[in-house]
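Note sheet for the following structure.
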Amino acid sequence: MGRDGNKSCFACCFSTPTTSSSSSSSAIKLLFFIVPLILVSFIVFVLVPRNSTWALIYSLPPSTSAVAAAANSSEKLGAAVYAESSQQVLDLPSRVVKTVDVGGSSGEATLSDSDEVAVNRSASPQLSAVEAVTKFQELNETKEYSSLNTSITDSDSLNITINGTPNNATTSPNETIALPLKHNRQVRTKLDKVEAGLQRARSAIREAKNGSQLRDPDYVPVGPMYWDAKAFHRSYLEMEKQFKVFVYKEGEPPVFHDGPCKSIYSMEGNFIYKLDVDTKFQTKDPQKAHVFYLPFSVAKMVRFVYSRDSRDFSPIRRTVVDYINLVAQKYPYWNRSHGADHFMLACHDWGPEASFSLPYLEKNSIRALCNANTSERFNPVKDVSIPEINLITDKLTGLMGGPSASRRQILAFFAGGVHGPIRPVLLEHWEDKDEDIKVHKYLPRGVNYYDMMRNSKYCICPSGYEVASPRIVEALYNGCVPVLISKSYVAPFSDVLRWKSFSVTVSVDDIPKLKEILMNISTRQYIRMQRRVLQVRRHFEFNSPPKRYDVFHMILHSVWLRRLNVRITDDHGVVAN
């Protein structure tokens, strides 16, 4: 009775009073199946980590949801709608805006004078849902990028300020996705890590604008000579912290890895040499590089490749094309970005012409040029204007100095050859016409050129055949306020320096009114400008070895800024050169 009673009691727990004996037997069998299943589920729940690398798609646009779902099942990763704030935006209040991508396509939009247009200047095309799967891990570094905003206020000045305005201030909840875990970062490529570092630099530059002034043992940029001194300082420090350049070793001197060091083209040779022996910014590992340097000298090509008798430029073109074909076949990096993370440097007048040898070199690559002429397709958004420095020796001894502003007796000074369309106009109106405006074709015997600069308040710097002139740097070296007279010229380092605070710009049409313009500048304002000249000239000084904030580092910084403004990915395919 006791055993049967217990059995009956156990069965009653899973039966109703009307259940038959066969029903009780089935219930017991079902119980024996369910209980182990519950136990196994409990063990799995306890032992398996709750954290997962899967990300949940809340919703995607109908046109991409199916693709994203397929990518999710194949990659084991969540997909996100990649916010457009991850791209760098350039606000250009200019009349025509040309966008260039790594595919080489370009388009133009005609704007009204008052329009401000946000233009996507990224080297990467917008990511699709599938591409977002593989690139989504970068979102774990930061939630938003900064913007590198460029404002061209007039044809002679370029105003690039770095602010923290995100491109998309709001994000739809439907685009919110759980971020992947940190241990997923180990599957990223080296390029992803390079881009993540650039992303952190953009964020730091954005935050610097409203932050406190940083300390620096050598120099702290302050004053109206800079568009944004704090942002520039932070950007410079970030460059020192992480910027890496890979110099292609292919090519033999004198055309490659060589250049003039003692002429008006001296920056070609000196930059090539300094970068070749540099250990701080140069990297031997191309996978760690932010940019790739094409170490050819246009000045040396003109001397050793070009035949003056034939007047045939094609040998220079073939030299450039052959070299880029060589590095493109040996390394994957040119084809990966279509040249967007490569740069060349040329001070010869034919530098722009040499860059026209390949469409991608002109349209995509960073071109550091002395001849920064927008009428000859110089693009201040991606190209770099560098100073033309006429070095006689490898030292600046005797080239710098001058009395204080109050001891300069000459109002304005110019002496130089007559070539180009501007100088004849200047000489016509002012040569030997006024005691205050010293304009000469040739200096009188016994008069020293640099002494005249040092005793002048303003040094007139008209363009010749080409827009660049070494007089600009010579004026700065001698504490003389430059007077820029040119057309379509972008002054050196205009991405950082606010030239109107320490120079005077005069249009060609206003040359007859030159004295009136200069006399209308108050003594107080002139003294301010002259002091700014003394402060800013450190950025144009040539030093061997280079010193922080000098011309070598400022050229690198301008290239660094352009690299911050593009994003490179591994999946752009290969383009035959």
Side-chain angles (χ1 to χ4, degrees), residues 146 148 160-164 197-245 267 270-271 273-283 288-291 384 386-387 389 391 394-397 399-402 404 473 476-479 492-499 501-502 528-564:
S146 64
L148 215 61
I160 296 187
T161 58
I162 307 171
N163 62 35
L198 293 175
Q199 178 179 318
R200 289 191 294 271
R202 295 184 193 107
S203 179
I205 294 168
R206 173 181 57 82
E207 294 171 358
K209 184 172 184 178
N210 298 320
S212 58
Q213 184 67 59
L214 300 172
R215 295 182 179 180
D216 196 309
D218 294 326
Y219 177 69
V220 177
V222 292
M225 304 84 66
Y226 304 98
W227 292 112
D228 190 324
K230 291 180 181 178
F232 163 57
H233 196 192
R234 168 55 72 185
S235 177
Y236 187 91
L237 296 179
E238 289 293 326
M239 177 193 73
E240 288 186 319
K241 185 192 307 182
Q242 61 171 302
F243 191 41
K244 295 299 178 184
V245 181
M267 285 313 303
N270 281 296
F271 185 84
Y273 174 73
K274 300 303 180 188
L275 195 56
D276 261 339
V277 300
D278 174 78
T279 58
K280 180 177 180 61
F281 295 102
Q282 187 183 168
T283 178
K288 295 180 180 179
H290 297 92
V291 295
V384 174
I386 62 176
I389 304 177
L391 288 177
D394 59 351
K395 301 292 183 182
L396 295 180
T397 305
L399 297 180
M400 301 184 66
S404 63
V473 174
L476 297 175
Y477 282 179
N478 290 282
F493 312 136
S494 295
D495 45 9
V496 169
L497 299 179
R498 187 170 169 265
W499 275 82
S501 69
F502 59 91
R528 287 176 180 167
M529 296 173 70
Q530 200 267 348
R531 288 176 178 172
R532 294 165 187 167
V533 164
L534 299 180
Q535 183 176 348
V536 81
R537 73 181 178 187
R538 70 169 57 240
H539 301 313
F540 296 85
E541 292 178 8
F542 169 79
N543 296 296
S544 185
K547 297 180 180 179
R548 299 180 70 213
Y549 298 99
D550 69 0
V551 66
F552 173 78
H553 290 92
M554 289 298 291
I555 293 173
L556 281 179
H557 179 262
S558 290
V559 174
W560 156 257
L561 276 184
R562 271 58 177 184
R563 180 60 179 90
L564 281 174

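Source: prediction; values computed, not measured.
Classified by interplanar angle (parallel below 30°, tilted 30° to 60°, perpendicular above 60°), the ring pair Tyr219/His539 is perpendicular. Between Tyr549 and His233, the ring-plane angle classifies as tilted under the 30° and 60° cut-offs.
Taking the six-membered ring for Trp and the full ring otherwise, Phe542 and Phe552 have centroids separated by 6.0 Å or more.
Applying the 6.0 Å contact sphere to CZ of Arg537 captures more than 12 heavy atoms from other residues, nucleotides or ligands. Sparse packing is recorded around NZ of Lys288, with 12 or fewer heavy atoms of other residues, nucleotides or ligands lying under 6.0 Å away.
In this structure Asp218 satisfies the side-chain contact (heavy atoms from CB on, under 4.5 Å) test together with Asp216, Arg548, sequence neighbours excluded. Annotation: side-chain hydrogen bond (donor to acceptor under 3.5 Å, both in side chains) contacts of Lys274 (sequence neighbours excluded): Ser544. Applying the salt bridge (charged side-chain N to carboxylate O under 4.0 Å, His left out) criterion to Lys241, with sequence neighbours excluded, gives Glu238.
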I would like to know whether Tyr226 and Leu497 meet side chain to side chain contact (heavy atoms under 4.5 Å, CB included); could you show each step before the answer?
CA-CA 5 Å; Tyr226 304 98; Leu497 299 179; 3.7 Å; yes
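Not a single donor-acceptor pair under 3.5 Å links the side chain of Arg562 to the backbone N or O of Val384. At distances below 3.5 Å, at least one donor-acceptor pair connects side-chain atoms of Asp278 with backbone N or O atoms of Lys280. A distance-only check finds a donor-acceptor pair linking the side chain of Gln530 to the backbone of Gly479 [under 3.5 Å]. Under a 3.5 Å cut-off, the side chain of Asp550 and the backbone N or O of Lys547 do form a donor-acceptor pair. Side chain of Arg532 to backbone of Phe502: no donor-acceptor contact under 3.5 angstrom is found.
Checking Trp227, Phe232, Tyr236 one by one against Val496, the side-chain contact (heavy atoms from CB on, under 4.5 Å) holds for a single residue, Phe232.
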